[in-house]
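This report concerns only the one structure given below.
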Amino acid sequence: MIKGFIFDLDGVITDTAELHYDAWKKLADEMGWEFDRELNEKLRGISRMDSIKVIMDHNGVSLDENKIVELATKKNDIYVNSLDGMTQEDYLPGARELLTHLRSEGFSVALGSASKNANKVLQQLKATHYFDVIGDGNSVSKSKPAPDIFLFASEKLGLRPENCIVFEDAEKGIDAAKAGNFLSVGIGPEERVGHADIRFNTMKEATLFEVKSHFKDLF
């Protein structure tokens, strides 16, 4: 039976993608690196350190680890400063309604995000009370597509993976859910998350009623 729900943050609860893009773009411009929307798509769902390595590989750049950490930190500072402008108006349509519904029905709820700034984002959204467990980029060492963040979340909830549904908008996130033996709900286009157990174009479509209807034997 389904007892818990685990949510990715960016692209599921809120959309900080544009803030991330702006921060990476500013850093890339300073470094004289090529960075565009197409390359930015490859960063979806992966950690900051993995992201900068993708950008470096694309530009044929090699740097020592200390310099990579310095640049990743610089990007993060740009991004974190931009979070101060986030408010409760920045939930993706349907996300707050779903979280409220899950709370009212007594389900366990966790965050499973690669972001190390997840707590800051949740505070800006005034969303921390929706979550029993917050798993973020500080919780595990291996990022998606490794299932570690979801396994961390389910363990902290006291639930087995097969008793949890993961909501994800990234291909690597769905890969991670499958690797961990979780059921999955994909948010986004077929070509990105079509391998999820069920897919919706937007969070607004992913109501508890629709999810229960699909997994009806598990509720």
Joint hydrophobic cluster, Leu9 plus Phe150, side-chain heavy atoms closer than 4.5 Å: no
Side-chain heavy-atom pair Ser108, Leu159 within 4.5 angstrom cut-off: yes
Hydrophobic cluster identity match, Ile187 and Ile13, side-chain contacts under 4.5 Å: yes
Side chains of Asp10 and Ser113, donor plus acceptor under 3.5 Å: no
Residues Asp132, Lys156; criterion salt bridge (Lys or Arg N to Asp or Glu O under 4.0 Å); working and verdict: CA-CA 9 Å; Asp132 301 295; Lys156 292 293 183 185; over 6 Å; no
Pair His214, Asp197: side-chain N/O donor-acceptor within cut-off below 3.5 Å: no
More than 12 heavy atoms of other groups within 6.0 Å of Glu205 CD: yes
Main-chain N/O of Leu19 paired with Thr16 side-chain donor or acceptor, under 3.5 Å: no
Audit row: Phe5, Val166, side chain to side chain contact (heavy atoms under 4.5 Å, CB included) steps and yes/no: CA-CA 6 Å; Phe5 286 76; Val166 166; over 6 Å; no
Salt bridge (Lys or Arg N to Asp or Glu O under 4.0 Å) evaluation trace for Glu65 with Lys53: CA-CA 10 Å; Glu65 198 68 17; Lys53 286 171 182 174; 3.6 Å; yes
Donor-acceptor pair, side chain of Glu210 and main chain of Thr207, under 3.5 angstrom: no
Residues that Phe215 engages under ring pair (Phe, Tyr, Trp, His ring centres under 6.0 Å), provided they are two or more places apart: none
Check: Thr202 and Pro93 side chains under 4.5 Å, non-hydrogen atoms: no
same_hphob_cluster(Leu83, Ile78) at 4.5 Å side-chain heavy-atom cutoff: no
Non-hydrogen atoms of Leu98 and Leu208 that approach each other most closely: CD1-N, 3.7 Å
Flag side-chain contact, heavy atom, 4.5 Å: Ile134 against Leu122: yes
Any Lys216 side-chain heavy atom under 4.5 Å of Val211 side chain: no
Cluster overlap Val185 with Phe131, hydrophobic side-chain contacts below 4.5 Å: yes
Side-chain ion pair, Asp84 and Lys120, N-O less than 4.0 Å: yes
Nearest heavy atoms of Phe152 and Gly135, plus distance in Å: CE2-CA, 3.7 Å
Side-chain (Thr14) to main-chain (Asp90) donor-acceptor, under 3.5 angstrom: yes
Members sharing Tyr21's hydrophobic cluster (side chains within less than 4.5 Å): Trp24, Leu27, Met31, Trp33, Phe35, Leu39, Leu43, Ile46, Met49, Ile52, Val54, Ile55, Met56, Val61, Leu63, Ile68, Val69, Leu71
Salt-bridge criterion met for Lys26 and Asp22 (N-O under 4.0 Å): no
Exercise: do His101 and Glu105 side chains pair donor with acceptor under 3.5 Å: yes
Side-chain heavy atoms of Cys164 within contact of Leu183, under 4.5 Å: no
Lys42 atom NZ, over 12 foreign heavy atoms within 6.0 Å: no
Step-by-step side chain to side chain contact (heavy atoms under 4.5 Å, CB included) determination, Glu171 to His195: CA-CA 8 Å; Glu171 180 180 358; His195 55 316; 3.8 Å; yes
Heavy-atom closest contact (Leu157 atom, Val133 atom, distance): CD2-CG2, 3.7 Å
Exam field: side chain Gln124 to backbone Met86, donor-acceptor pair closer than 3.5 Å: yes
Ionic contact status for Arg96 with Glu89, cut-off 4.0 Å: no
Side-chain heavy-atom pair Phe182, Ile165 within 4.5 angstrom cut-off: no
Side-chain donor or acceptor of Tyr130 paired with backbone N/O of Arg103 under 3.5 Å: no
Short side-chain to backbone donor-acceptor contact, Asn163 and Met1, under 3.5 Å: yes
Under 3.5 Å side-chain donor-acceptor pair for Asn76 and Thr73: no
Least distance between heavy atoms, Asp136 atom then Ser115 atom: CB-O, 3.1 Å
Criterion side chain to side chain contact (heavy atoms under 4.5 Å, CB included) on Lys25 and Asp36, from CA distance to verdict: CA-CA 8 Å; Lys25 179 67 174 165; Asp36 56 20; over 6 Å; no
Heavy-atom closest pair, residues Asp169 and Arg192: O-NE, 2.7 Å
Cluster check Ile149, Ile6: I/L/V/M/F/W/Y, side chain < 4.5 angstrom: yes
Minimum side-chain heavy-atom gap Leu102-Phe7 below 4.5 Å: yes
Side chain to side chain, Phe167 and Met203, heavy atoms closer than 4.5 Å: yes
Pair Lys74 + Glu30, salt bridge at N-O below 4.0 Å: yes
Carboxylate-amine/guanidinium contact Glu190 Arg199, below 4.0 Å: yes
Minimum-distance pair of heavy atoms, taken over all atoms of Pro147 and Ala176: CB-O, 3.2 Å
Side chain to side chain donor-acceptor pair (under 3.5 Å) between Asp148 and Ser141, intermediate numbers included: CA-CA 8 Å; Asp148 298 33; Ser141 56; 5.3 Å; no
Test item: side-chain donor near acceptor, Lys75 and His20, under 3.5 Å: yes
Gln88 side-chain N/O to Lys126 backbone N/O, donor-acceptor pair under 3.5 Å: no
